[in-house]
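Encoded as structure tokens, the structure appears first; notes follow it.
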Amino acid sequence: MKDYANNQITLLQYIFIITGLQVNVSIVSLPRNLAETAGTDGWMSIIIGWVISAAASIAIIRVMKNHPEGTLLDLLTRFMGMWAGKVISLLLSLYYFYILYDGLTRTILITKAWLLPTIPNFILMILLLIPTYAIAQHGPSVLGRYAELIAYMSLWIPFVYILTLKNAHWLHLLPMFKDGWQPILSAVKETIYPSLGMAATFILYPFLKHKEKAATGILISTSLSMVVYLFFTVICFLYYSPDDISNYNDVVISVLKSIEFKFVERIEVIFIAYHLFLYSLVWIPTMYLTTYCTSWLFRQSDHRGHMTWLCVLLAIGTIIYSPTFNQSDRLENLLTWIGFGTEYVFPVCLAVYLWIRKSSKRRPAHEGKA
Amino acid sequence: MVDQHNDVHNEEIPTELVKMITQLECVFSDTPDLIMRKLRIKQTGEQAVLTYLDGLTDKISINQDVLRPLLFEAGSGEAGGELMMTVGHIEPQLNWSQIKLSILQGSSVLFVDGRSEAYSLDTKGWPQRAIEDPQLEASLKGAHQGFVETGEQNIALIRRYIPNRELKLKRLTVGQRGQTTVSVLYLEDVVNPNLLKRLIERIQQIDVDVIINTGELTEFIEDSPFSIFPQLISTERPDAAASQILQGRCVIVVDRSPSVLVTPVSFMSFFQNVDDYSTRWPISTFLRLLRLFAFFTAAFLPGIYIAVISYHFEIIPLKLLLTLGESRGQVPFPPFVEAIFMEITLEMLREAGIRLPAPVGQTVGIVGGIVIGQAVVQAGLISNIMVIIVSFTAISSFILPNFDMVAAARLIRFMLMVLATLFGFVGLIIGLMIMIGHLIALKSLGVPYGSPFAPVRFTDWKDTLVRVPLWLMNKRPLSTTPIQIKRQGKSRVGEESE
């Protein structure tokens, strides 16, 4: 149905797409969320969360290996019938749309809070949708190039954050295991939302140039995300005292206030504006993924028609309703559980199902041969 | 475009001279510059007529190489025998359409009584410019020969650089009326055959009256006609064209046009210059980076100024803010109006400078200098800082080697100014995002325009931001998808292999 060969993505592009989907708006509040549950031990939850998401990502690849020439939707149609494919394509498109909407509204909230308090939400939404449409309409290969380019362009960001270390208090991290394992384990749930995005593999897998390396790729990208999260969380923990950190909403941004240059005052304004590039890594791919699923559902070969409608819908929808910070937080909480279902539980179950199906089919075949 | 004499043209040539002259007069009615010289050929004793267009032919050649041997030299004396002329290229023509074309293109045609074929003689010679220094692309160390308006000469100029039998040439004719010769030059063992096929298909597809210039051809063959970025490079330097061919690209020579087109190209090609390869590599690397910086300055600086002044003045250091406030305090306009006024003045001055004849052009410079430099500030219309910003932008846009890319930067600048007025830095970042998105999706002859940055091809980086020493560039750029990647072997004594 779709032209996979002309829209290939390399392994590196795949890694950056997945990492981009994971590391975006979610990073802004992660340190605070972790600190609220686990205090400054929260960084250990990231590592535990990484182990779990790595396992889930392997399950996703296991599933996709069953039908390498197609997306998850083609796979389900093949193994479970047309209706299973249709239902899942609808659910998956809703799920991607949820991530898309969450990303866009979060970006708007952050932009409004830090840079443009007076601009109406829907105008910002339209502003964000223009580049989104311009990039997402071209499909995976352009998405891959975009993610790759932005990743390289953003390499300077960690160095800026290292500058904040001159105000670091390493004592904040000590003692470890202040309250034992329990808070650390319960903070693992906070790391689920930031690691959502692996589900893009469901659609992107057939576009991948070297499918045999997909497992390595997804492991690298989850590890890369883990390193990024760990880096920013530790930076924030070092800068803010354990009690103070929960007073700030967007800790990762607030921490930049401590940076001063002789020639530019309030340099963080530029950085926050630049962060839009990072946030764009979530809405642009999900825009494509959502419309891919819907156009698959309606058997249309071109996703651009749906994309135009989706953009119009989002723009008009924002005039009618746009979430506040608290509502957005609630949306994120809900997304955590929906995402846990979609990206962790569902692929594992599916992998087990396909494995059982395969082995039960193979056994009679073997017996028949014998 | 329908030819009213179509029926006549495909007819065979009448053998009787009188009939032939009548037909010729019928086809070329109202053409006083068509010369018909009746003569008796001494060599064979036949009657003949020599026809050519005055002005398109070389008179000396006609007199000495055609008329003199025909009139005075004795030959076999038999009718139908071979005609002796000292012209290089003699072609027997059998039908009218070919005869008409060769007359119109400057050949002279000899009709002989009793023969069913006519002879077109290569006596072409039209008013022509001598080969001069390229005007738009001056070079410090490169050659000082530029292309001229004759396609054959331009091809010869390129051939001088690549005397290789693999340098092939596909000749096509474009335009119903103009019959412009368009030649595609390429290295057969290097260029990707798919690219070549695509290019030739696109040129063959063109169905127009005439192609006057390479710029017109570009519009018909580029990938995204709605993009503001140029997707083919036009150059007037033979050395630049030759080096592009060696990198696996195709060069399109359009007859009557003093520049040639290069395709496929990437965004970074517009920041390269022939001089880069003859200056020391650290210096040319520095110049590359400078040009890229200049491009972004030319596009972004006024936008950044507007964004900072209207939205984010908190990022300006305090001392500067005070000076700025003092200078801005007297200006009654918002920054956008101030900026757009100055930018438009600048664009007008630039445009005036190009079109005006040189003696008047000086006046423009003086007027512009006084208006921009002094009066506007003293009158309190524009702030000092704005004048500095505009001058800096102008200088930046002069640095770029390619005129088309500068034009793109100018257009982007105005869009970004609007975005910055409305949304400050957020607008600028969105503008940059749209630009990046456009650049990575753009294609030149089906090849990614953003290469080697999107898709990332590290091996090509050697000749983009940095220009590594030539003896390390052993491969042709991958962005042109050549079929022969190796460009050179070890060329330095003691050099380590790559």
Side-chain angles (χ1 to χ4, degrees), chain A residues 6 8-10 12-13 16 107-108 110-112 114-119 123-124 126-139 141-153 209 260-280 284, chain B residues 194 223-224 226-227 266-267 296 300 303-304 307-308 310-322 324 415 418-443 446-458 461 465 479:
Chain A
N6 273 340
Q8 280 186 333
I9 50 176
T10 63
L12 216 54
Q13 290 173 344
F16 287 126
T107 311
I108 290 174
I110 292 172
T111 314
K112 277 193 78 145
W114 290 90
L115 297 170
L116 295 170
T118 53
I119 305 278
I123 291 192
L124 278 177
I126 293 170
L127 194 65
L128 298 181
L129 286 175
I130 297 169
T132 312
Y133 183 83
I135 297 167
Q137 59 160 330
H138 295 288
S141 70
V142 169
L143 291 179
R145 287 181 207 163
Y146 180 75
E148 197 177 22
L149 188 66
I150 299 301
Y152 289 124
M153 271 170 65
K209 210 184 222 167
E260 278 171 16
F261 284 122
K262 286 241 168 69
F263 52 95
V264 191
E265 234 145 292
R266 299 278 317 271
I267 188 95
E268 81 270 15
V269 171
I270 298 169
F271 294 157
I272 298 165
Y274 184 84
H275 277 181
L276 281 178
F277 272 118
L278 298 187
Y279 306 155
S280 75
I284 295 177
Chain B
N194 294 332
D223 293 60
S224 310
F226 298 106
S227 172
S266 65
F267 179 68
F296 283 100
F300 278 81
I304 292 176
V308 169
S310 2
Y311 285 90
H312 313 288
F313 42 83
E314 67 266 32
I315 71 166
I316 308 169
L318 193 62
K319 272 187 186 165
L320 182 59
L321 192 62
L322 291 176
L324 207 67
M415 296 179 201
V418 175
L419 276 172
T421 316
L422 296 174
F423 307 107
F425 272 142
V426 177
L428 287 179
I429 293 286
I430 295 287
L432 183 62
M433 211 182 272
I434 297 172
M435 191 174 115
I436 288 178
H438 179 64
L439 282 175
I440 59 180
L442 200 61
K443 285 179 173 175
V447 166
Y449 190 70
S451 173
F453 298 108
V456 174
R457 289 181 174 127
F458 284 113
W461 282 37
L465 292 182
S479 59

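Numbered from 1 within each chain, the chains take letters A, B, ... in sequence-line order. Since this is a predicted model, take the numbers as computed values, not measurements.
Among the candidates B/Ile436, B/Val456, B/Leu439, the residue making the largest number of heavy-atom pairs closer than 4.5 Å to chain A is B/Val456. Top candidate by heavy-atom pairs under 4.5 Å with chain A, chosen from B/Ile434, B/Leu318, B/Ile429, B/Leu321, is B/Ile429. The most heavy-atom pairs under 4.5 Å with chain A, out of B/His438, B/Glu314, B/Met435, B/Lys319, come from B/Glu314. Ranking A/Leu124, A/Leu128, A/Leu276, A/Ile284 against chain B, the residue ahead of the rest is A/Leu276, based on heavy-atom pairs under 4.5 Å.
Residue contact with chain B, scored on non-hydrogen atoms closer than 4.5 Å, involves the backbone and the side chain of A/Leu127 alike. When heavy atoms are compared at a cutoff of 4.5 Å, A/Ile119 approaches chain B solely by way of its side chain, counted from C-beta outward. Contacts of B/Phe453 with chain A are made by both backbone and side-chain atoms, with heavy-atom separations under 4.5 Å. Looking at B/Leu419, the atoms closer than 4.5 Å to chain A (heavy atoms on both sides) all sit in the side chain, from C-beta outward.
Residues satisfying the side chain to side chain contact (heavy atoms under 4.5 Å, CB included) test with B/Lys443, not counting sequence neighbours, are B/Asp223.
With a 6.0 Å radius and a threshold of 12 heavy atoms from other residues, nucleotides or ligands, B/Phe313 has its CZ atom at or below the threshold.
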Distance-only check: which donor-acceptor pairs under 3.5 Å involve side-chain atoms of residues 141-153 of chain A, not counting sequence neighbours?
residue, atom, partner, partner atom, Å
A/Ser141, OG, A/Asn7, OD1, 2.9
A/Arg145, NH1, B/Ile440, O, 2.7
A/Tyr146, OH, A/Ser280, OG, 2.8
A/Glu148, OE1, A/Gln13, NE2, 3.3

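At least one side-chain heavy atom of B/Phe425 sits less than 4.5 Å from a side-chain heavy atom of B/Val308. At least one side-chain heavy atom of A/Leu115 sits under 4.5 Å from a side-chain heavy atom of B/His312.
Listed here is the closest heavy atom pair of B/Pro448 and B/Ala454: CB-O, 4.3 Å.
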